[in-house]
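Just so it is clear: chains get the letters A, B, ... in the order the sequence lines come, proteins before strands, and each one is counted from 1.
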Number of protein chains: 2
Amino acid sequence: MKKRATSLKDVASAAGVSVTTVSRLLNGTIELPLETKSRIQAAIQELRYEPNPHARSLSRGRSDTIGLVVPDIANPFFATLVSAVEEEADRRGLALSLYATLNRPGREIAYLSALARNHVDGLVFVTNHPDDGELASRINQTGKVVVVDEDVPDAMVPKLFCDNEQGGYLAGEHLVQNGHRSVLYVGGPEEMISTRRRYSGLRRALRDASIPMDGLLRYEGEYTVEFGRNAARRFLSEGMPATAIFASSDEIAIGLIEVLREQGASIPREVSIIGFDDVGPLHLFAPSLTAIRQPVRAIGQRALALLVDTNWEQPEDLLSEELLPVEIVARNSVAPPSRK
Amino acid sequence: MKKRATSLKDVASAAGVSVTTVSRLLNGTIELPLETKSRIQAAIQELRYEPNPHARSLSRGRSDTIGLVVPDIANPFFATLVSAVEEEADRRGLALSLYATLNRPGREIAYLSALARNHVDGLVFVTNHPDDGELASRINQTGKVVVVDEDVPDAMVPKLFCDNEQGGYLAGEHLVQNGHRSVLYVGGPEEMISTRRRYSGLRRALRDASIPMDGLLRYEGEYTVEFGRNAARRFLSEGMPATAIFASSDEIAIGLIEVLREQGASIPREVSIIGFDDVGPLHLFAPSLTAIRQPVRAIGQRALALLVDTNWEQPEDLLSEELLPVEIVARNSVAPPSRK
DNA sequence: GCGGTTTAGTAAAGCGGTTTACCAAGTAGA
DNA sequence: TCTACTTGGTAAACCGCTTTACTAAACCGC
């Protein structure tokens, strides 16, 4: 007794015209006399007709849906990014399919092959771990993909990042201006371009200030709260070998602060901290957290624009790499060092 | 020169069998001799065949995709919810389509009509504003929908909330135990069931402690940071008429704290604060924020289970309302009042 | 060596749209 | 009045897959 949804055919016969006519009216590819038109519209109303999107997609060969692959939606950075992409997609009349990879590497590839060629018209791809080349090759086979936030080397598609190097530089500069001459960089996996560039920006700032390179330390790990905690423990157990820490993500900063506070290390008196990303209520932290701010919403918006506006036939368009500017938001977690 | 994706037909002719055979092999509805089977599989490999999901959905009448409608993904509470739903969906082999309504009421209805009957197999629906009845009636027409987190009155579908009343009670109890006898409730829109229940839980706690009801104040507004700020300004301009504030969401609490700090009102010395939701790094706030914790991930998981496991033919199953337990996370934003 | 069953498939009808090609009737111009 | 064009449509193929109904051939027991 389950009623099938009403189809074009039902509408057509109710209005006494052919399905072609209804379809074309709906798609605006025909002009009809008012009388016919309103008869059809009445039938649509009456039957509560809604077109079947699958039939439509099949027929047209596109779905007006784009896919978004992110590591983890619960992470505020990605959440904001998702939100921006969704908003922009909606503005352009596109739907959004969401996929979280949750650090299970196989899933990224599964999404690419299962989806990209058919299901969605394009893919915004955000990864957060190193690629052995497999991902890149899949992306290259797949077609309309833009790589965002973190690089997939060798993927020959448009790429969009924030200016990581500049972010590192701004952080370094700010620390130098506050009189720091020894800083610890706590970053993500070395293979990741984001962490490399942030580090190298930081290094450039220190070098510009003629600070000897042995004043620059580095812990390498993951972009997680947990790694931040571990880094803090290591930092403490090594006797606080720097007066400032540049954390390569808010998550890392949060982990650091947690443990540092817990262990009674005072921020910023004993150690200054700068975070990276600046999403979430960092301004309410104790102390409020100075951070490099990524233009997250702009990234999301631009990612969608790239996907839609890129000319995918034009090989040189596919090699673009765009950097969006970052800024520093100075709060109270950085102060001049009180110890050497 | 654009190559069409390879279809079943291509595979079939490459393997020298009919499309039926390939289709049935893929769906496991046929047993084939090893020789034929591997011939087909070789062809699939060779041609990099990927089934077209739209054709499949059209043909089968379902899409193995569920829809999730939330007000705003950038909000950490919803972000976490989305994440939990996505994870559970994936576990069950379902894809997820995401829709953010961004407080534009028409969009909710658009999603319902455009999607629910066809595009997705079911909908997890989260609203955050009052309904004039339209939404409810649409939901009732639509079919497989579960309403989560905030009620849509008159919608006759399974519903899933956290135990808001109990949350209010726990907050009240905690404040009473700390010696407060005047508390301000800052909540969302009065029409929303969540805010009403939280308030009524709070009132019950005060009544249980024999506190006169004129010790209970209430500001009513929205679940936003901005409303939190306004509430704080009003609270200050009214001369801090309570020794504790129960904020009905983290967002509201954040707005409150921002302004209170800015204006030099010390928390918790001059005024204690309790939040609601407890997502995000509230433990790093100054002071760390005491809050009622919603089991957000459990809600997301359970929502999907409800959607999938409900027997939609069984009218009484559709009227279920399930409450998930909340807990209080005591931190440092509540202290005994220092003034009357 | 004949009926019955199993094996190994196939043809064709959908699913619900879009789109191409075409056509009949009316109308305007020459 | 004849031709040509516009108006107002329609029939049918097609998108790629699933599924139902069916069959040809091999096997099997007697």
Side-chain angles (χ1 to χ4, degrees), chain A residues 2-41 43-44 47-65 95 114-121, chain B residues 2-41 43-44 47-65 113-121:
Chain A
K2 56 172 47 181
K3 48 177 182 293
R4 280 200 311 84
T6 88
S7 76
L8 255 198
K9 204 186 322 187
D10 304 328
V11 174
S13 71
V17 293
S18 72
V19 297
T20 313
T21 307
V22 183
S23 170
R24 297 186 56 187
L25 176 64
L26 253 26
N27 291 297
T29 59
I30 199 178
E31 275 311 306
L32 289 179
L34 202 66
E35 198 272 320
T36 316
K37 190 164 154 184
S38 50
R39 195 150 35 88
I40 294 177
Q41 275 162 350
I44 289 177
L47 300 174
R48 298 178 169 287
Y49 169 71
E50 296 287 345
N52 180 320
H54 301 297
R56 174 180 275 240
S57 300
L58 176 57
S59 187
R60 304 222 289 206
R62 64 196 167 81
S63 56
D64 292 331
T65 297
L115 298 175
R117 205 178 280 281
N118 309 305
H119 187 98
V120 295
D121 296 345
Chain B
K2 56 170 49 181
K3 48 177 184 291
R4 281 203 309 84
T6 88
S7 77
L8 254 198
K9 204 189 318 188
D10 304 326
V11 174
S13 71
V17 295
S18 72
V19 298
T20 313
T21 307
V22 183
S23 170
R24 297 185 56 187
L25 176 64
L26 253 27
N27 291 298
T29 60
I30 199 178
E31 276 309 307
L32 289 180
L34 201 65
E35 199 270 322
T36 316
K37 190 165 155 184
S38 49
R39 196 151 34 89
I40 295 176
Q41 276 162 349
I44 290 177
L47 300 174
R48 298 179 167 287
Y49 170 71
E50 294 288 345
N52 179 320
H54 300 297
R56 173 181 277 241
S57 300
L58 177 57
S59 188
R60 304 222 290 205
R62 64 196 167 84
S63 57
D64 292 332
T65 296
S113 25
L115 297 176
R117 205 177 278 282
N118 307 306
H119 187 98
V120 296
D121 296 345

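Phosphate contact (OP1/OP2 of D:dT18, side-chain N/O of B:Arg56, threshold under 4.0 Å): present. A sub-4.0 Å separation between OP1 or OP2 of D:dG9 and a side-chain N or O of A:Thr36 is present. A:Arg24 has no side-chain polar atom (N or O) that falls below the 4.0 Å cut-off from OP1 or OP2 of C:dT19. Considering only side-chain N and O atoms, B:Thr20 lies nowhere under 4.0 angstrom from the phosphate OP1 or OP2 of C:dG9. Distances shorter than 4.0 Å separate none of the side-chain N or O atoms of A:Asn52 from OP1 or OP2 on C:dC15. The shortest distance between the side-chain N/O atoms of A:Asn27 and the OP1/OP2 oxygens of C:dT18 is below 4.0 Å.
Listed nucleotides: D:dG16, D:dG8, C:dT19. Nearest to the side chain of A:Leu32: D:dG8. Taking the side chain of A:Ser18 as heavy atoms from C-beta on, and the options C:dG16, D:dT19, D:dT10, the nearest nucleotide is D:dT10. Set against C:dA11, C:dG17, C:dG9, the side chain of A:Ala55 has C:dG17 as its closest nucleotide. The side chain of A:Tyr49 lies closest to C:dG17 when the candidates are D:dC15, D:dT10, C:dG17. The listed nucleotides are D:dT18, D:dT10, C:dG9; the one nearest the side chain of B:Ser59 is D:dT18.
Using the Watson-Crick or G-U wobble rule with both distances under 3.5 Å, C:dA12 pairs with D:dT19. Applying the Watson-Crick and G-U wobble criteria (two distances, each under 3.5 Å), D:dC30 pairs with C:dG1.
A:Ile44 is listed as a side-chain neighbour of A:Leu26, based on a closest heavy-atom distance under 4.5 Å. Taking 4.5 Å as the limit, some side-chain heavy atom of A:Leu32 sits within range of a side-chain heavy atom of A:Ile40.
Regarding A:Ile44, its CD1 atom lies at a distance of 10 Å from the P atom of C:dG17, rounded to whole Å. Spacing between atom NE2 of B:His54 and atom P of D:dT18 amounts to 14 Å, rounded to whole angstrom units. The nearest whole Å value for the distance from the CG atom in B:Leu58 to the C1' atom in D:dC14 is 12 Å. Atom P of nucleotide D:dT18 and atom NZ of B:Lys9 are separated by 15 Å, given to the nearest angstrom. Rounded to whole angstrom, the span from the CD1 atom of B:Ile30 across to the C1' atom of D:dC17 amounts to 15 Å. The distance from atom CG of A:Leu25 to atom P of D:dT7 is 17 Å, rounded to the nearest whole Å. Rounded to an integer number of Å, the gap from CG of B:Asp64 to P of D:dC17 is 16 Å. Distance CG (B:Leu8) to P (C:dT10): 13 Å, rounded to an integer number of Å.
In terms of heavy-atom proximity, B:Tyr49 sits nearest to B:Thr6 at CD1-O, 3.3 Å. Across A:Val19 and A:Ala12, no two heavy atoms sit closer than the pair N-CB, 3.6 Å. Residue A:Ser63 comes nearest to A:His119 through the heavy atom pair OG-O, 2.9 Å, listed as atom of the first residue, atom of the second, then distance.
Residue contacts shown for B:Ser7 are limited to sugar-phosphate atoms, with no base heavy atom under 4.0 Å away.
There is a side-chain donor-acceptor pair under 3.5 Å between A:Thr21 and A:Ser18.
For B:Arg39 and B:Arg60, each mapped to the nucleotide of DNA chain C holding its nearest heavy atom, the one lying further toward the 5' end belongs to B:Arg39.
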